[in-house]
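First the structure, in the form of structure tokens, and then the observations on it.
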There are 2 protein chains.
Amino acid sequence: MLASVNASKNSAASLICTVDVVLLTLRERQLELLLLQREREPFAGAWALPGGYVHPQEDQDCEDAARRVLQHKLGLASPYLEQLASFSGPARDPRGWSVSVAYVALVPPPSGPLPLGQWRAVDRLPQLPFDHGRIVATALERVRNKSQYSSLPLHLCGEAFTLPELQAVYETLMGEPINPVSFRRKMDELGTLEPIPGAKRADGPHRPAQLFRRKAGREQGLGLLGRVINSG
Amino acid sequence: MLASVNASKNSAASLICTVDVVLLTLRERQLELLLLQREREPFAGAWALPGGYVHPQEDQDCEDAARRVLQHKLGLASPYLEQLASFSGPARDPRGWSVSVAYVALVPPPSGPLPLGQWRAVDRLPQLPFDHGRIVATALERVRNKSQYSSLPLHLCGEAFTLPELQAVYETLMGEPINPVSFRRKMDELGTLEPIPGAKRADGPHRPAQLFRRKAGREQGLGLLGRVINSG
DNA sequence: ACAATAGTGTCTATTAGACATTATGTG
DNA sequence: CACATAATGTCTAATAGACACTATTGT
């Protein structure tokens with residue numbers, strides 16, 4: 001095509017373009033991320049972020065490539081996915097100068113164990129190949145920061161959840177306890193949640209909690225707060 | 001090299017990788033961005049964002065490429081620069097499937113007119129080629145949002161500035177008036193500014209304002225606020 | 001009935017905005 | 001000295017946190 005003609009003379013010809021996904025979930029008050037064992041060189045056998053080459057023939061854009069990776073390698077259909085940042089340079093991949101467009105994906109705690117891959121607590125990760133350590137650090141910073149003023153953590157919950165459960169999610173992400181009265185006020189302010197009529201969840205010998213869900217039409221995207229959620 | 005061998009069989013061989021920079025400044029309470037007239041096809045002659053191919057031989061990463069573009073095409077040495085996002089797909093560039101890593105750069109209002117390029121008010125832009133319109137929209141959203149809780153707007157001011165001047169910058173970015181008492185409290189809270197002893201600036205028949213500068217060691221990076229700046 | 005957590009009402013503390021007052025330059 | 005804007009003090013309003021109290025389940 002046209003591309004190679006112009007590109008080659010500008011030294012843009014041989015350059016690797018990949019996507020990497022930091023897939024996060026939250027189980028038992030622990031943030032976990034999914035690692036896959038690499039099948040090929042470089043770093044064959046090492047545990048790394050799910051990722052792969054962009055396929056210009058089939059992908060409409062890099063996000064598409066990230067979704068394809070999640071679908072084909074993990075069977076995940078439509079998780080929450082947002083672009084994180086791009087990482088580039090001559091040394092991050094031993095195959096040569098590369099650009100990786102990194103994404104963050106959030107899923108509710110999987111019921112069964114995934115066929116492939118391994119969930120690892122984010123604060124007990126092995127050494128990661130490439131610059132995946134840096135990508136993960138950037139992702140955690142983003143997710144923790146965005147938890148302060150948005151409904152992002154909702155995407156770590158299933159369809160239905162109680163407010164105490166959701167508060168625990170926020171607390172885990174922010175690393176600090178939240179005042180429950182204030183938390184309820186904030187969730188109300190978000191305007192994203194509605195109680196499921198009649199549905200409650202009990203998890204012990206005490207009053208059961210009201211179940212909530214995202215309001216219709218607010219499943220995607222994020223609700224935003226005018227002010228941050230304060231700890232305390 | 002190694003790259004092309006592995007890359008080609010994964011259909012990652014012919015893919016265009018560029019950087020684009022949304023270079024912003026603020027003059028007379030107007031946010032302006034720099035457009036360059038394209039010298040080559042595609043869209044030769046059109047006004048577009050400064051940008052260019054990534055040069056794997058010389059660039060250490062995409063940020064480096066963006067700095068090179070600013071330096072070579074505009075003579076800008078070390079403006080504030082942050083990665084915005086990547087834009088990709090088969091149709092955004094007629095040469096073929098492409099990834100552009102976009103950056104936002106902020107500079108104080110240039111004293112002389114730049115030799116090349118044209119400053120345009122961001123709310124009166126021409127139709128832009130490629131997906132530059134979308135990139136600009138994303139950049140403006142980012143800059144406006146970050147102005148609410150960080151010292152980002154400082155990078156649109158020169159070395160020395162008064163608090164009323166800085167407040168005007170914030171107000172232009174946020175599009176709303178700010179309470180001056182509250183603004184001073186916030187700037188104090190940022191901890192990034194210090195008064196320049198004895199230096200004042202008068203711009204009329206009235207009390208002159210104290211000049212401030214960034215504290216030593218805080219020229220780079222951003223100060224962050226615990227809460228947003230409210231309008232009013 | 002009791003234990004335990006859900007959920008609410010309300011008081012106090014903190015933070016933000018309004019407004020008055022003082023400060024300090026120019027014409 | 002009048003005027004205009006800078007800068008600050010202080011009162012009021014809005015928002016957040018603490019804490020007590022009521023609600024509702026399982027055992």
Side-chain angles (χ1 to χ4, degrees), chain A residues 28-29 147-150 157 160-172 174-213 223-232, chain B residues 28-29 147-150 157 160-172 174-213 223-232:
Chain A
E28 324 226 326
R29 286 181 158 263
S147 298
Q148 297 184 322
Y149 61 86
S150 81
C157 293
F161 46 86
T162 70
L163 283 183
E165 282 164 9
L166 183 58
Q167 178 171 345
V169 172
Y170 272 88
E171 287 176 334
T172 303
M174 313 208 320
E176 308 219 45
I178 302 168
N179 180 304
V181 179
S182 196
F183 183 74
R184 277 159 193 277
R185 277 193 293 240
K186 289 291 186 183
M187 288 305 106
D188 196 52
E189 189 186 319
L190 262 182
T192 315
L193 305 184
E194 64 182 6
I196 305 172
K200 317 219 164 194
R201 175 178 298 163
D203 74 330
H206 52 77
R207 177 175 177 175
Q210 176 66 50
L211 282 166
F212 286 79
R213 65 182 165 217
L224 297 175
L225 289 168
R227 298 158 194 276
V228 301
I229 298 171
N230 298 283
S231 61
Chain B
E28 324 227 324
R29 286 181 158 264
S147 298
Q148 296 184 324
Y149 61 87
S150 81
C157 293
F161 46 86
T162 69
L163 283 184
E165 282 163 10
L166 184 58
Q167 178 172 344
V169 173
Y170 271 88
E171 286 175 338
T172 302
M174 313 207 321
E176 308 220 45
I178 302 169
N179 181 304
V181 179
S182 196
F183 183 74
R184 277 160 193 276
R185 277 192 293 238
K186 289 291 186 184
M187 289 305 106
D188 196 52
E189 189 187 317
L190 263 182
T192 314
L193 304 183
E194 64 182 5
I196 304 173
K200 316 217 166 196
R201 175 178 298 163
D203 74 329
H206 53 77
R207 177 175 176 177
Q210 176 67 50
L211 282 166
F212 286 79
R213 65 181 165 218
L224 296 175
L225 289 169
R227 296 157 195 277
V228 300
I229 297 170
N230 298 284
S231 60

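Naming convention: chains lettered A, B, ... in sequence-line order (proteins, then strands); numbering from 1 in each chain.
Distance from the side chain of A:Leu163 is smallest to C:dG7 among C:dT24, C:dG17, C:dG7. Of the candidates D:dT10, D:dA6, D:dG17, the closest approach to any side-chain atom of A:Arg185 belongs to D:dG17. Comparing C:dT10, C:dT24, D:dT25 against the side chain of A:Val181 picks out C:dT10 as the nearest.
Checking the phosphate oxygens (OP1, OP2) of D:dA16, a side-chain nitrogen or oxygen of A:Lys186 falls inside 4.0 Å. At the phosphate of D:dA7, OP1 or OP2 sits under 4.0 Å from a side-chain N or O atom of B:Arg184. Taking side-chain N and O atoms only, A:Asn179 has a distance below 4.0 Å to OP1 or OP2 of D:dA18. For C:dA6, the OP1/OP2 oxygens have no side-chain nitrogen or oxygen of A:Lys200 closer than 4.0 Å.
Across the protein-nucleic acid pair, B:Gln210 atom CD and D:dT8 atom C1' stand 14 Å apart, rounded to whole Å. Computed from coordinates, the A:Ile178 CD1 to D:dG17 P distance equals 9 Å when rounded to whole Å. The distance between atom CZ of A:Phe183 and atom C1' of C:dG7, rounded to the nearest whole Å, is 14 Å. Atom CE of B:Met187 and atom P of C:dT15 are 16 Å apart (whole Å). Here C:dT5 presents its C1' atom at 8 Å from CG of A:Asp203, a figure rounded to the nearest Å. Between B:His206 atom NE2 and D:dC1 atom C1' the separation is 18 Å, expressed in whole Å. Rounded to an integer number of Å, the gap from CD of B:Gln167 to C1' of C:dA16 is 14 Å.
Judged by distance alone with a 3.5 Å cut-off, no donor-acceptor contact links the side chain of B:Arg201 to the base of C:dG25. One donor-acceptor pair, N or O on each side, does fall under 3.5 Å between the base of D:dA23 and the side chain of A:Arg207.
Nucleic acid contact class of A:Ala209 (heavy atoms, under 4.0 Å, all strands): sugar-phosphate only. Residue contacts for B:Pro180: at a heavy-atom cut-off of 4.0 Å it reaches no nucleic acid atom on any strand shown.
With B:Glu194 contributing its side chain and B:Arg213 its backbone, the two residues share no donor-acceptor pair below 3.5 Å. The backbone N or O of B:Glu171 sits nowhere less than 3.5 Å from a side-chain atom of B:Glu176 that would complete a donor-acceptor pair.
Each of A:Leu211 and B:Ala202 was matched to the nucleotide of DNA chain C holding its nearest heavy atom; the match closer to the 5' end belongs to A:Leu211. Comparing A:Glu189 and A:Pro205 by the nucleotide of DNA chain D whose heavy atom lies nearest to each, the residue mapping closer to the 5' end is A:Glu189.
When every heavy atom of B:Arg29 is checked against every heavy atom of B:Thr172, the shortest pair comes out as O-CG2, 3.4 Å. In terms of heavy atoms, A:Ile196 sits closest to A:Ala160 at CD1-CB, 3.7 Å.
Considering CZ of A:Arg185 and CG of A:Leu190, their distance stands at 14.0 Å, rounded to 0.5 Å.
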